[in-house]
Amino acid sequence: MLLCTFILIFLLHSTVLAEEVLKIGGTGTALGSMQLLAKAFEKSHPGMKVRVILPSLGTSGGIKAISKDIIGIALSTRLVKDDEQNLGLSSMEYAKTPFILATPKAVNISSLSSDEIVKIYRGETVAWPNGERIRLILRPATDTDTLLIKKISPEMSNAVDRALSRQGMLIAITDQDCADMIEKTPGGFSFSTLTQVLSEKRQLKIISFNGVTPSIKTLADGSYPLSKSLIMVTKKEPSSLVRKFIDFVRSKEGVEILEETGNLSILGKTNP
Amino acid sequence: MKTPKNVAPILTWLAGIMIVMVVIIFPLGYLLISYQQVAGSLETEAEINARLISQIISLNPEMWEFQQLRIQEYILRRPGKGQAEIRRVLNAKNELIIESVDALKKPLIMHSHELMDSGIAVGRIEIYRSLRPLLKETGFLVLVMLPFGFVTFLLLRNLPIRAIYRSEEALRSSEKVARQFAQENAIVAEIGRIISSTLDINEEYEKFGEEVRKVIPFDRIVINIVNHEADTITTAYVTGVNVDSRLAGAVIQWSGSATQEVFHSKSRLLIQTEDIDELAVRFPALLPHFHAGFRSFMALPLIYKGNVIGVIHLQSIKPNTYTERDLRLAERVSNQIAGAIANAQLFTEQMKAEEERKKLISRLQETLGKVRKLSGLLPICASCKKIRDDKGYWNQMEAYIRDHSEAEFSHGICPECFKKLYPDLYEEDKIA
């Protein structure tokens, strides 16, 4: 009896030791779709485990974590910089997702123009058409989303700076925080991504930008101009598990999952 | 009592200590309090941020070090209006996780707080702040306090010293006045003693003048006795610069004199003038004095039993010699001597009266003696009416009476004898 117990413990321990775990972390935008991909990967690759780290580490946290071999794949919204390349990192854009305007479901508006958004950020438009107060939710000044918003136009860039300089503004640190705040804040308004809304099943109202509804199709045909790149950062010499997972993401099943969750799959663009 | 010379260093030290307290201790106190405030603020900041970051750690204990965005949000924050700071988050291995660095100038103050994961320290947050602004403020405060302190030092040091000097001066002045007053009292008393020491005051006038000179300056002093009914004054005493050769005992008319003015007004008179015309109008009797060089005149009544018996004059060649003090003092002298002069006058008058009385008695006695001699038994010739003297000689009656009395004889002829001796002439004279 005692022998059987020892044998069982040994077998279980061996199983645990044999099981490979791929940790994935980084920008919150990609975490929802990545969880679905991980789940599908584990299903198709028995014995291989993928753990998506929540809450999000953000792009910089993810890159830092992979540089210290804490995770296997870092999800980023930018390609690695030169100094990061020197750490033995390699980056690859695997998808784009529409960068969207979002409000709570209750906000009675369907579309906003660039000028209207500028006025909201400047504080010149303070209420929705139904009279409800607009509660603008900002991201930190150095956050990728803020930089993306500022790239829309010079006027938008100035308007964002002005909004950031105002006291008492709502600021969301991570993508998940931002989505949570939009959902919970009456009259809330901010940017998110289509993949986050779909993959995390967010109760958000997606607002058309200059009359164009964000979708994979409009993004693909170029009619919708705002997008966010999703990039996987790995070691230049990744493990076989990492390679297998990347291969899965590039596979037909992986592409389908990405598209179902609001991502336009892009394969083969790597850096370096 | 300490003199200001001794007190000044003590006051200087005390003022210096107080200024040191104001100029150094006040800014030092400000520095210490502000330092404590900064330290407290940093401590609070560190604790609050440690708690916030600890919450991030508790959500993801294994990967918290890579929650860059979340942690960054806290360490990018700055209190107030962007107070410059350095904020660092380190793990348990003392490795830097993330930092937010503002340019800070040394010296720096730092506070750290542990980052906890279920009661276990897994890192710490350090917050640095520069003390340079605080030191600058303190330095500025010192600079501001310096002139204030300097002024305060001068006030604290000089005001008490001045007050002490003033007190000392006042005391010295009081002592001087007291000494002067005592000296005056002594001299006035001495004058009183001198004047009262004899009924023959003329003997003591010189001593009196010497004593008066000790307290009142003069170039000439005169005591005039008023002969009101005769409109004259008698100079009882005079000394000093000679004017019109007047000596003691001189009797002069008092018209136009200061003595007359003082006698009638019964009050003191002070004349200090360079204007001869003014003097000529008011006191023509003083013109010889003016010509003799006198410019300051002081005259005071000698009042005895409500009556002015004389006037004392003090005269000086120097212009504006006399002050109120001199007048007051001269009044005391005049009061002191008036009684004695009055008594001396009475004494003199009594002496004169006594002498006159004695002379009169003598003359009466002499006359009475003569009257007795003639009224004795005179042997007379029944025929020729010659009278025999003590030596047995027969003398003509006229000669005898002339020699033994004050009587003189004037010879004439009575009508009966004329008729008898010269009948013819008698008849013619009768017809005519």
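Numbered from 1 within each chain, the chains take letters A, B, ... in sequence-line order.
Ion pairing between B:E73 and A:R139 fails under the 4.0 Å rule for side-chain N and carboxylate O.
Other residues, nucleotides and ligands contribute only 12 or fewer heavy atoms inside 6.0 Å of the CZ atom of B:R51. Environment of CD in B:E114: sparse, with no more than 12 heavy atoms of neighbouring residues, nucleotides or ligands closer than 6.0 Å. Annotation: B:F153, atom CZ; neighbour count of heavy atoms from other residues, nucleotides and ligands within 6.0 Å is above 12. Atom CE of B:M116 is surrounded by more than 12 heavy atoms from other residues, nucleotides or ligands within 6.0 Å. In the displayed structure, B:E175 atom CD is contacted under 6.0 Å by more than 12 heavy atoms of other residues, nucleotides or ligands. Within a 6.0 Å sphere centred on CZ of A:R166, heavy atoms belonging to other residues, nucleotides or ligands number more than 12.
A distance-only check finds no donor-acceptor pair linking the side chain of B:E62 to the backbone of A:I70 [under 3.5 Å].
Using a 4.5 Å cut-off between heavy atoms, A:T142 contacts chain B through its side chain alone, with no backbone atom that close. Of the atoms belonging to B:I71, not a single heavy atom falls under 4.5 Å from chain A. Only the backbone of A:L54 comes within less than 4.5 Å of a heavy atom in chain B; its side chain stays farther off.
Within the model, atoms CD1 of A:I53 and CD of B:Q67 stand 9.0 Å from one another, a figure rounded to the nearest 0.5 Å.
Listed here is the closest heavy atom pair of B:F66 and A:K68: CE2-CD, 4.1 Å.
B:Q68 and A:T59 share no donor-acceptor pair across their side chains, judged by distance under 3.5 Å alone.
Per-residue counts of heavy-atom pairs under 4.5 Å with chain B were compared for A:G58, A:G26, A:P55; the largest is that of A:P55.
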